[in-house]
Amino acid sequence: MAREPLRLLRATAQRARTAAVSPLRRFRRPSHTPSPATTLGPTALHPTAHTSLGRTTLDATAPNTTAPNTTALDPAARPRPLVRAAGLAAVTVLGAWIGLLVVGSVHISVGPMDTRMALRPSLTGGTKINVAPLGALELDSHHAPLRLDVAVDRLDPVRSQALVDHPERLSGLQDEVASDITHGTLDLAFRSCAAVVFGATALGLAVYRRPRRALAAGGLALTLLTASGAAVYATWNPKSVLEPRYSGLLSSAPSMVGNARSIVADFDVYQRELARLVTNVTQLYEATSTLPAYQPDPTTMRVLHISDVHLNPAAWHIVESLVRQYKINVIIDTGDTMDHGTSAENGFLEPVSDLGAPYVWVRGNHDSASTQRYLAGLKGAHVVDNGEVVTVGGLRIAGIGDPQFTPDRSAAAAGDAVEHSAGRRLAEAIRARKAAGAPVDIALAHNPIAARETDGTVPLALTGHVHHRRTQVLPGGTRLMTEGSTGGSGLRAVDDGTPDKVQASVLYLDRDTRRLQAWDEIDLGGLGLAKAEVSRHLPAENRPGATPTPTTP
């Protein structure tokens, strides 16, 4: 009977030692045969129990009959739970991110638009809506490590035309859009869950090469996404639409569409305006599909004519977009880029170097000599004045700056006489170039009065100044093209109730003869409007069935 407590004590000690060894160590095969020094270490001593006079004692000198635990003395083999947890977290986050980038997006139709929705990792959260090429707007809709990206890929002309043909459908457009967004959000949620689980699991399997670790990474990724979704739900702010942040062309959206709070208060009016915008954009598609027969080929020279920007920063975004869409070779600006011509305004000209095409400029009556000197030093800019000629993109261009500087109150306006005089000097310079065997292709002047003096000396003369577009063939055969205001008349557009349109023109010239073949007139709705129109025009000699006439200049 005395041996029963002894066996019980031995069994208890053995279980305690076994529990102290990690499961991974227990099954680890020793890499070498234990040496006597190892077996005689402190852990090699096996306490033996003795019972004497009713007391139980332990003998620490008794030999150990069990297998030695060699890994207990190896510091490198000790478990590192924090390191392993950090590694698993890094693999999970990176794999989930890759999964979202690769397959975590959905394509849905929202009304007449084709859009793409995606979740992206973010430190601040929120929603970003990209409307190419107009720009983007951002909403502080939520605070979570996820951002919702919505990109408007294109406007479907078929669905848009259906709305125009059946105006009664516009009344249900709001409900249709809300339903489309709801279905798209649900699809995005399911796809995002699958994306993060797949990405984290695949990366975990590649790193650890153990299915259990890989599945743990996938499960952790799903948990993180679920927690992020809960954070989105908890911090969702539906009033964020009242205070959006705009970029690109949409940076002028607050002034174009009105105060957001008034839109929410008068949503019925806004809904009608939205329907009108869809109609106008659809008309743009119709206009481009029914343009006259002229089709420019890859060798055609494309010139973008702009004028009278008047410090409107949105004009640079419009010009950059037109350069990209029409593959413009040369930009020609016929002046009044500034409003007061002060040196403080010179920084406004910095985007000229990044418009994507060479920039030719002639001084207007709102541009000072300081403006001209600053612009001449910018990369890609070419200033013409005093009848000087520059060759840009294969075109010989001559010009003369406006002799008057209107903002200078210290000097009285000289009137039309000085404009006629400046035009005659320009015409003389063009005749001299023609006599020298290098005829000028395009003449530039800000004021149409000066440009008229070049009639008969050059095929094409470009001007601005009057803030409305006009094209006419002068008696001597020179075509005079006056451009409207590409800046929508700048800040003075708010002076009356009928703001000026934003206007520009694309001129198509034959590369061999450098003569005008056709031109597109582009009108964008001015301040407070939402409209876009494109119309193509052909010179009389290029219209179908016309007999070509000899060119006199």
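This one's a predicted model, so the numbers in the text were calculated from it and none came from an experiment. Start at 1 with the first residue, then count along the sequence.
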Students often mix this up, so state it plainly: with edges at 30° and 60°, are the rings of W316 and F348 parallel, tilted or perpendicular? tilted
Of all heavy-atom pairs linking A357 and N329, the shortest is CB-O, 4.0 Å
W361/T337 under side-chain contact (heavy atoms from CB on, under 4.5 Å): CA gap, chis, key distance, verdict: CA-CA 9 Å; W361 181 85; T337 312; 2.8 Å; yes
Worked verdict on V319 versus Y359 for side-chain contact (heavy atoms from CB on, under 4.5 Å): CA-CA 11 Å; V319 170; Y359 178 86; over 6 Å; no
Heavy-atom nearest pair, L322 first then I328, reads O-CG1, 3.7 Å
Between M338 and L311, is a side-chain contact (heavy atoms from CB on, under 4.5 Å) present by the stated rule, with each step listed? CA-CA 5 Å; M338 301 303 205; L311 288 181; 3.8 Å; yes
In terms of heavy-atom contacts, T127 and S141 come closest through OG1-OG, 2.7 Å
Applying salt bridge (charged side-chain N to carboxylate O under 4.0 Å, His left out), name anything that partners E320, two or more places apart in sequence or on another chain. none
Judged by atom type as modelled, is there a donor-acceptor pair below 3.5 Å linking the side chain of R120 to the main-chain atoms of D149? no
Is the number of heavy atoms from other residues, nucleotides or ligands within 6.0 Å of OH (Y374) greater than 12? yes
V330 to G393 - nearest heavy-atom pair and separation: CG2-CA, 4.1 Å
Which atom pairs, donor and acceptor, lie under 3.5 Å between side-chain atoms of residues 92-108 and protein residues at least two apart or in another chain?
| unit_1 | atom_1 | unit_2 | atom_2 | d |
| --- | --- | --- | --- | --- |
| T92 | OG1 | L88 | O | 2.7 |

Report the C-alpha distance between R536 and D520 in whole Å, list the side-chain angles of each, state the deciding distance to 0.1 Å, and finish with yes or no for salt bridge (Lys or Arg N to Asp or Glu O under 4.0 Å). CA-CA 4 Å; R536 176 161 294 172; D520 291 342; 2.7 Å; yes
Shortest non-hydrogen contact from V196 to A221? O-CB, 3.7 Å
